[in-house]
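Note that the structure is predicted; figures quoted are calculated from it, not measured. Numbering of residues begins at 1 and proceeds along the displayed sequence.
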Amino acid sequence: MITAVTNEYLRKEFDNFEKEKGLGNLLEELKYSTLIAPVDENKTGCAMITAGDEIFIPLFTDIHEYQKVDFKGNFHPEAFDFNFYLELLKNGLHGFIVNVKSERFPVTREFLDFMDTDYMFDLEYQPFTKKEISEIFDNLNN
């Protein structure tokens, strides 16, 4: 559910990056984040923005950041895991800008050179339910 995407730790790392200029923790947090993109009604494309001479897809950490932008056209928020976006970079997209109305953090193809992408795996699973977690916990013998 889109409204459940909050990325509070990623937002904290954006703030730390501005203060410390260190990418390490930010890259680690990005790797496991789910970000929201503006997708057209046919799910065949995304809204694009330009920065300089390059075209970027805007990404958002939460629905409140998404709602700060007025997209021309019929777009709706859709959440994807960060490894989905890394695949787009590998396939030639120039990059993304995260939270265009606040942090404006660019993620470009150059990230592939220094970001560990070996972690990438299929996240097409359903998370455990409360009942399943309780069953696992009840069956632990420590």
Side-chain angles (χ1 to χ4, degrees), residues 1-140:
M1 178 181 237
I2 298 296
T3 56
V5 177
T6 59
N7 288 305
E8 65 183 86
Y9 296 110
L10 179 60
R11 299 294 299 270
K12 180 181 168 198
E13 289 305 327
F14 281 136
D15 187 46
N16 288 342
F17 172 74
E18 285 190 24
K19 293 175 187 169
E20 301 167 11
K21 303 293 183 211
L23 272 178
N25 291 339
L26 177 59
L27 292 180
E28 282 300 309
E29 194 61 42
L30 261 177
K31 286 178 5 180
Y32 299 101
S33 295
T34 299
L35 297 170
I36 300 169
V39 178
D40 68 15
E41 63 183 6
N42 300 321
K43 295 187 180 188
T44 57
C46 287
M48 302 286 205
I49 59 173
T50 56
D53 295 334
E54 300 295 338
I55 296 175
F56 295 85
I57 293 176
L59 299 180
F60 303 92
T61 54
D62 56 67
I63 197 66
H64 303 293
E65 286 294 327
Y66 179 90
Q67 292 171 337
K68 291 179 182 179
V69 179
D70 183 26
F71 294 106
K72 305 257 186 278
N74 198 2
F75 294 98
H76 66 276
E78 182 116 2
F80 300 96
D81 297 310
F82 191 70
N83 59 353
F84 170 82
Y85 299 116
L86 284 179
E87 284 297 321
L88 293 177
L89 288 178
K90 286 183 176 182
N91 292 327
L93 181 70
H94 181 74
F96 309 98
I97 296 182
V98 181
N99 292 344
V100 297
K101 293 293 185 180
S102 55
E103 286 92 2
R104 292 193 57 81
F105 187 81
V107 178
T108 62
R109 255 187 256 133
E110 288 76 24
F111 268 62
L112 297 174
D113 295 337
F114 55 90
M115 188 172 194
D116 172 24
T117 56
D118 291 336
Y119 81 97
M120 293 174 59
F121 50 90
D122 184 17
L123 294 176
E124 296 295 325
Y125 65 89
Q126 294 296 316
F128 289 113
T129 65
K130 181 179 178 189
K131 181 181 176 198
E132 290 170 325
I133 292 171
S134 294
E135 287 175 6
I136 292 169
F137 180 75
D138 291 341
N139 288 317
L140 289 176

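In this structure, the side chain of N99 engages the main chain of T61 through a donor-acceptor pair within 3.5 Å. A donor-acceptor contact shorter than 3.5 Å links the side chain of D62 to the backbone of H64.
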> Can N83 and E87 be said to form a side chain to side chain contact (heavy atoms under 4.5 Å, CB included), step by step?
Replying inline: CA-CA 6 Å; N83 59 353; E87 284 297 321; 5.9 Å; no
>> Does M48 form a side chain to side chain contact (heavy atoms under 4.5 Å, CB included) with I57? I'd like the steps, not just the answer.
In response: CA-CA 5 Å; M48 302 286 205; I57 293 176; 3.4 Å; yes
>> For L59 and V100: C-alpha separation, side-chain torsions, deciding distance, then whether side chain to side chain contact (heavy atoms under 4.5 Å, CB included) applies.
In response: CA-CA 8 Å; L59 299 180; V100 297; over 6 Å; no
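You'll find the side chain of Y9 stays beyond 4.5 Å of the side chain of S33, heavy atoms only. With contacts defined as side-chain heavy-atom distances shorter than 4.5 Å, the pair Q67/I63 qualifies. Looking only at side-chain heavy atoms (C-beta outward), P58 and F71 come within less than 4.5 Å of each other.
Residues C46 and F75 approach most closely at C-CE2, 3.7 Å, considering heavy atoms. Minimum heavy-atom separation, G95 to L89: CA-CD2, 3.6 Å. Annotation for H76 and D40: closest pair CE1-O, 3.3 Å, computed over non-hydrogen atoms.
We find that R109 and E54 are not joined by a salt bridge, their nearest charged nitrogen and carboxylate oxygen being 4.0 Å or further apart. Salt-bridge check for K68 with E65: passed, with a basic side-chain N closer than 4.0 Å to an acidic carboxylate O.
Note that CD of E103 and CG of L26 are 10.0 Å apart. Values are rounded to the nearest 0.5 Å. I55 CD1 to T50 OG1: the interatomic distance, rounded to the nearest 0.5 Å, is 7.0 Å. Rounded to the nearest 0.5 angstrom, L93 CG and L86 CG are separated by 11.0 Å. Taking CZ of R11 as the start and CD of E29 as the end, the distance is 12.5 Å to the nearest 0.5 Å.
Listed by chain and number, the residues in a ring-ring contact (aromatic ring centres under 6.0 Å, His included) with F96 are Y85 (sequence neighbours excluded). Under the ring-ring contact (aromatic ring centres under 6.0 Å, His included) criterion, H94 pairs with F56, sequence neighbours left out.
Just one of F60, F84, F82 meets the side-chain contact (heavy atoms from CB on, under 4.5 Å) condition when paired with L35; it is F82.
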